[in-house]
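Working notes for the structure below.
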2 protein chains.
Amino acid sequence: MNSQFKKGVLELMVLKTVRRRDVYGYELVETIRQAIDVNEGTIYPLLKRLTNERYFETYLRESPEGPPRKYYHITAAGILQLDALEREWDEFHNSVCEFLKEMNERG
Amino acid sequence: MNSQFKKGVLELMVLKTVRRRDVYGYELVETIRQAIDVNEGTIYPLLKRLTNERYFETYLRESPEGPPRKYYHITAAGILQLDALEREWDEFHNSVCEFLKEMNERG
DNA sequence: ATAGCTATTTGACAATGCAAGGTAGCTTGC
DNA sequence: GCAAGCTACCTTGCATTGTCAAATAGCTAT
């Protein structure tokens, strides 16, 4: 898959996933991988950035099967950002799809 | 608009526009601007890259209202690339939209 | 000649995905 | 005990690609 398509969309997908319920990083990678191919080295820096920007808060929990997990919880600011990003994504992908259709029609 | 969304999609839009008919750079910028906000400094380097990659051929034509225009014409390789990119875009945007829907439903 | 439009090009910059590698806890089998 | 393999987290350096700002230049109208 063209990795360029992912730019910007991954932030949306991460925010959306964490809003549903608190998740830890590794789990989040697996969740998003169900939809698109994505690398751990992409997600962890993104989680760090979104936490720095106060869209997430974090806490640690012990795991029954490995090292402790860092859970991410979305903040009010994070929800606002998610809503904005989702609107922008809708507008963007509608614009692109309509444009592609128009280019099919007229010469 | 989130400028990151554009990465990768612009190449698709440019290929699609030039396949419809030969266009010159400035005209192409105006055409794509009907759909999404885009900068000249984004399009010209992209045209150069796609020409280097043999997806486009170019020729000059005098203009009745300004300096000569460089027209871009798509090659067979360009059409193949366009078809591939368009398939990838469809798959990608379907995956993302389905993922966003799923995240709405289950908790 | 001055302003404004058309048209192309370039260079420095910023955002972000990825490969690769590192650290560390836990479980299983020898 | 200890080596292998999985889970889990994190970082560094790199490549790609869009953005901004500016330079160049032809043409038209005032």
Side-chain angles (χ1 to χ4, degrees), chain A residues 1-15 18 22-33 35-53 55-56 58-72 81 85 88-89 92 96, chain B residues 1-15 22-33 35-53 55-56 58-72 81 85 88-89 92 95-96:
Chain A
M1 175 192 311
N2 188 323
S3 75
Q4 296 301 319
F5 287 153
K6 297 174 200 170
K7 308 236 170 184
V9 178
L10 278 178
E11 178 174 336
L12 169 57
M13 293 174 81
V14 166
L15 283 161
V18 177
D22 295 2
V23 292
Y24 57 96
Y26 198 81
E27 180 187 16
L28 198 144
V29 172
E30 297 303 316
T31 302
I32 293 186
R33 276 210 181 112
I36 64 175
D37 206 42
V38 73
N39 202 287
E40 290 175 36
T42 300
I43 296 298
Y44 284 112
L46 179 54
L47 285 170
K48 191 172 197 172
R49 174 168 68 79
L50 293 174
T51 304
N52 286 341
E53 287 168 346
Y55 297 147
F56 292 150
T58 66
Y59 55 90
L60 285 175
R61 281 278 186 283
E62 285 174 18
S63 160
E65 48 190 338
R69 297 162 169 168
K70 186 188 276 186
Y71 280 83
Y72 294 82
Q81 170 70 357
L85 258 187
E88 285 176 26
W89 165 251
F92 177 77
V96 171
Chain B
M1 176 193 310
N2 187 324
S3 73
Q4 296 300 319
F5 288 154
K6 297 175 201 170
K7 308 235 173 187
V9 178
L10 277 178
E11 177 174 337
L12 168 58
M13 294 175 81
V14 166
L15 283 161
D22 295 3
V23 291
Y24 56 96
Y26 198 80
E27 181 186 13
L28 198 144
V29 172
E30 295 304 315
T31 301
I32 292 185
R33 276 208 182 116
I36 63 175
D37 204 42
V38 72
N39 204 287
E40 290 174 33
T42 300
I43 296 298
Y44 284 111
L46 179 53
L47 286 170
K48 194 170 197 172
R49 174 166 69 79
L50 294 174
T51 304
N52 286 341
E53 288 168 345
Y55 298 147
F56 291 150
T58 66
Y59 55 89
L60 286 176
R61 281 277 186 285
E62 285 174 17
S63 161
E65 47 189 339
R69 297 162 169 168
K70 186 188 277 186
Y71 280 82
Y72 294 83
Q81 170 70 356
L85 258 187
E88 284 176 29
W89 165 251
F92 177 77
S95 294
V96 171

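Chain letters run A, B, ... following the sequence lines, proteins first, then strands; residues in each count from 1. Excluded from the calculations below are hydrogen atoms, water molecules and symmetry mates; all remaining heavy atoms, backbone and side chain alike, are included.
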Inset, instruction - Starting from the 5' end of DNA chain C, give me the residue, A:Asp37 or A:Ser63, whose nearest nucleotide shows up first. - result: A:Asp37
Inset, instruction - Describe, as an angle rounded to 10 degrees, how the axis at the first end of the helix from C:dA1-D:dT30 to C:dC30-D:dG1 is tilted relative to the axis at the last end, five pairs per end. - result: 0°
Inset, instruction - Classify the ring geometry between A:Trp89 and B:Phe92 as parallel (under 30°), tilted (30 to 60°) or perpendicular (over 60°). - result: perpendicular
Inset, instruction - Examine D:dT17: is either OP1 or OP2 under 4.0 Å from a nitrogen or oxygen in the side chain of B:Arg49? Give yes or no. - result: yes
Inset, instruction - Rounded to the nearest angstrom, tell me the gap between atom CZ in A:Phe5 and atom P in D:dT17. - result: 11 Å
Legend entry - Residue pair B:Lys7 / A:Phe5, side-chain heavy-atom distance below 4.5 Å: no
Legend entry - Phosphate OP1/OP2 of C:dA7 contacted by B:Tyr24 side-chain N/O (<4.0 Å): yes
Inset, instruction - Take the protein atom CD1 of B:Ile43 and the nucleotide atom P of D:dT19, then report the distance between them rounded to whole Å. - result: 8 Å
Inset, instruction - May I ask you to verify if any side-chain N or O of B:Lys70 is less than 4.0 angstrom from the OP1 or OP2 atom of C:dT9? - result: yes
Inset, instruction - Would you mind telling me which of C:dT6, C:dG17, D:dT7 lies closest to the side-chain atoms of A:Ser3? - result: C:dG17
Inset, instruction - Answer yes when B:Glu11 and B:Arg49 have at least one side-chain N-carboxylate O distance shorter than 4.0 Å, and no when they do not. - result: yes
Inset, instruction - Classify the nucleic acid contact of B:Lys7 as base, sugar-phosphate or nothing, counting any heavy atom under 4.0 Å across all strands shown. - result: base
Inset, instruction - Kindly indicate whether the side chain of A:Leu15, heavy atoms from C-beta on, has any atom under 4.5 Å from the side chain of A:Phe56. - result: yes
Inset, instruction - Mind calculating the distance between CZ (B:Arg61) and P (D:dC27) to the nearest angstrom? - result: 17 Å
Inset, instruction - Output yes when at least one side-chain N/O atom of A:Lys48 is less than 4.0 Å from OP1 or OP2 of D:dC9, else no. - result: no
Inset, instruction - Indicate yes or no: at least one non-hydrogen side-chain atom of B:Ile32 is less than 4.5 angstrom from one of B:Leu10. - result: yes
Legend entry - Distance, rounded to the nearest Å, where A:Glu62 contributes CD and C:dT27 contributes P: 12 Å
Inset, instruction - Provide, to the nearest angstrom, the distance between the CD atom belonging to B:Gln4 and the C1' atom belonging to D:dT17. - result: 9 Å
Legend entry - A:Glu53 and A:Gln81 side chains, donor-acceptor separation under 3.5 Å: no
Legend entry - Single hit among B:Tyr59, B:Tyr44, B:Tyr71 for ring-ring contact (aromatic ring centres under 6.0 Å, His included) with B:Tyr24: B:Tyr71
Legend entry - Side-chain heavy-atom pair B:Tyr72, B:Leu28 within 4.5 angstrom cut-off: no
Legend entry - More than 12 heavy atoms from other groups under 6.0 Å of CG on A:Asn52: yes
Inset, instruction - Specify the separation, in whole Å, of atom CD of A:Glu53 and atom P of C:dA15. - result: 10 Å
Inset, instruction - Compare side-chain N and O positions of B:Tyr44 against OP1 and OP2 of C:dT9 and report whether any pair is under 4.0 Å apart. - result: no
Restricting to nitrogen or oxygen on both sides, can you table the protein-nucleotides 20-26 of chain D pairs closer than 3.5 Å?
unit_1	atom_1	unit_2	atom_2	d
D:dC20	OP2	B:Asn39	ND2	3.0

Inset, instruction - Kindly point out which of D:dA8, D:dG18, C:dC18 is positioned nearest to the side chain of A:Tyr26? - result: D:dA8
Inset, instruction - Quickly work out the A:Leu12 CG to C:dT16 C1' distance and round it to whole Å. - result: 15 Å
Inset, instruction - Would you mind reading off the distance between B:Leu46 atom CG and C:dT10 atom C1', rounded to a whole angstrom? - result: 15 Å
Inset, instruction - Could you pull out all residues at least two apart from A:Tyr26 that satisfy side-chain hydrogen bond (donor to acceptor under 3.5 Å, both in side chains)? - result: none
